[in-house]
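Everything on this sheet refers to the single structure shown next.
Every value quoted in this text rests on a predicted model; they were computed, and no experiment measured them. Just so it is clear: chains get the letters A, B, ... in the order the sequence lines come, proteins before strands, and each one is counted from 1.
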2 protein chains.
Amino acid sequence: MDDNKDTAGTAEWVDGETKVEEAPHDHGDEIRLWLRLLTCTTLVESEIRRRLREEFDFTLPRFDLLAQLERAEDGMVLGEVSKRMMVSAGNLTALVERLVESGYVSRTVSPKDRRVQIIALTQAGRGAFRTMADRHGEWIGDMFKQLSARDGAALMKELGKLKGSIRTSLTSPQ
Amino acid sequence: MDDNKDTAGTAEWVDGETKVEEAPHDHGDEIRLWLRLLTCTTLVESEIRRRLREEFDFTLPRFDLLAQLERAEDGMVLGEVSKRMMVSAGNLTALVERLVESGYVSRTVSPKDRRVQIIALTQAGRGAFRTMADRHGEWIGDMFKQLSARDGAALMKELGKLKGSIRTSLTSPQ
DNA sequence: GGACAATAGTTGAAACTTCAAGGATTGGGG
DNA sequence: CCCCAATCCTTGAAGTTTCAACTATTGTCC
């Protein structure tokens, strides 16, 4: 409907056709694509944040952290969590601290290397996460409902190509 | 390559095929799609934040705000900016304050309604934004470089459908 | 005209986020 | 053994973000 709304999150400064022909390399198409991608992500993410808060009084970062731990039966080194979640280690300190306080996560110093912390889900954490994850799945399913299986598969594929392009750009200096 | 990395940002708790057949409505495909979407967005957004900081000592929220104002020649009511950026009004107060301090944005009380604030780009703000926006375009162009025009167009289209699906879900109660 | 609801922003508390600096620990030469 | 670089994590400062409560202003209904 209103592609004006694509401006949300970042901008719309090349959305009008005005500036498009001026510059030699304007990247207009790429930017429109980026803005649309951003809009979709923002819409979904905001809704998930809102519902997590509303139904479970929980935040998305905490949910994400539990999600990382769920598959690691024996816990996970903090640094590994940091990499997987793509957030800084400094960020995790406080996050883990709160989850330990609430009894969802345990924290142990590695006996082999006392710099290293191993964190793991407690039974309570596992149960709480399962409940929330089920609802989370329903929310996503609902928001993606109108997308046919074919469209979903196509989108998955195209996003795969985009991801490849981005990663290449990030690993090669310029 | 490594779809493990798709776990970044949110989770990978249904990425292994383990849990997929258990639940009646598992939404596994939708969640995988969502995680991939999130990964792409996070990768791009982090890189833009990093470069804005590095090259211009500027933050993404500020850049986004300037971008909103750029097309509004006569300025914009604060509430309108809030809607377009999809952020709360409380958020904008501090953001605008800093941009006013740095001389990039002007703030005027509307003569018709003294509750209303109109904010606009200054000349300095316009110039600074142009410089940054040009670089921003190059960064995006670089990250999307490997995506062919055909793939880009297809992605744009599929994302359009997804956006429609999300919006529908958000407007209808359940 | 005056009470009163609605609207526009601000403020304060809490949480998340990053970066830079610092502390603790480990591992490797000399 | 001791210094020293590297690694893992914490701390502190600054910024962004939201929500809820509040102020100021406007508009409406009696």
Exercise for the section: Check A/R50 against A/E47 and note the closest heavy-atom contact, atom names and distance. Expected result: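 For A/R50 and A/E47, the tightest heavy-atom pair comes out as NH2-OE2, 3.0 Å.
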Handout entry: Which atom of A/D142 lies closest to which atom of B/S169, heavy atoms considered
Key =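 Between these two residues, the closest heavy atoms are OD2-OG, 3.1 Å.
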Nearest-neighbour nucleotide for the [X] side chain, [options] considered:
X	options	answer
A/D113	D/dT26, D/dC9, C/dT25	C/dT25
B/T93	C/dT10, D/dT10, D/dT26	C/dT10
B/R53	D/dC9, C/dC19, C/dG9	C/dC19
A/Q117	D/dT10, C/dT10, C/dT18	D/dT10

Problem - Phosphate contact (C/dC16 OP1 or OP2) by A/N91 side-chain N/O below 4.0 Å - result: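 No, outside the criterion.
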Problem - Presence of A/R62 side-chain N/O under 4.0 Å of C/dC16 phosphate oxygens OP1/OP2 - result: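 For C/dC16, OP1/OP2 do have a side-chain N/O of A/R62 under 4.0 Å.
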Handout entry: DNA chain D: 5'-proximal contact among A/G90 and B/R49 (nearest heavy atom)
Key =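 Closer to the 5' end of DNA chain D: A/G90.
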Practice task
Could you check whether B/L95 gets within reach of a base, just the sugar-phosphate, or nothing at all, counting any heavy atom under 4.0 Å?
Solution key: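 The residue B/L95 makes sugar-phosphate contact but no base contact.
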Practice task
Would you classify A/T59 as touching base, sugar-phosphate or nothing, given that sugar-phosphate means primed atoms plus P, OP1 and OP2, and contacts are heavy atoms under 4.0 Å?
Solution key: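 Answer is sugar-phosphate: A/T59 comes under 4.0 Å of backbone atoms only.
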Handout entry: Nearest-nucleotide comparison on DNA chain C, the residue closer to the 5′ end among B/R115 and A/S88
Key =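 So the residue in question is B/R115.
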Practice task
Nearest-nucleotide wise, let me know which of A/R98 and A/P111 is further upstream toward the 5' end of DNA chain C.
Solution key: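 It is A/R98 whose nearest nucleotide is closer to the 5' end.
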In whole Å, I'd like the distance from the [atom1] atom of [X] to the [atom2] atom of [N].
X	N	atom1	atom2	answer
A/R114	C/dA24	CZ	P	12 Å
B/I118	C/dG9	CD1	P	9 Å
A/R50	C/dA15	CZ	C1'	19 Å
B/I119	C/dA8	CD1	C1'	13 Å
B/L92	C/dT11	CG	C1'	14 Å
A/D57	D/dC19	CG	C1'	12 Å
A/L65	C/dT17	CG	C1'	14 Å
B/E97	D/dT16	CD	C1'	15 Å

Handout entry: Worked check of ring-ring contact (aromatic ring centres under 6.0 Å, His included) between A/F129 and A/F63
Key = CA-CA 7 Å; A/F129 174 71; A/F63 178 81; 5.3 Å; yes
Handout entry: side-chain hydrogen bond (donor to acceptor under 3.5 Å, both in side chains) evaluation trace for A/D113 with A/S110
Key = CA-CA 5 Å; A/D113 185 338; A/S110 166; over 6 Å; no
Practice task
Look at the aromatic rings of A/W34 and B/F144 and report parallel, tilted or perpendicular, splitting at 30° and 60°.
Solution key: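 Rings of A/W34 and B/F144: perpendicular, as their planes differ by over 60°.
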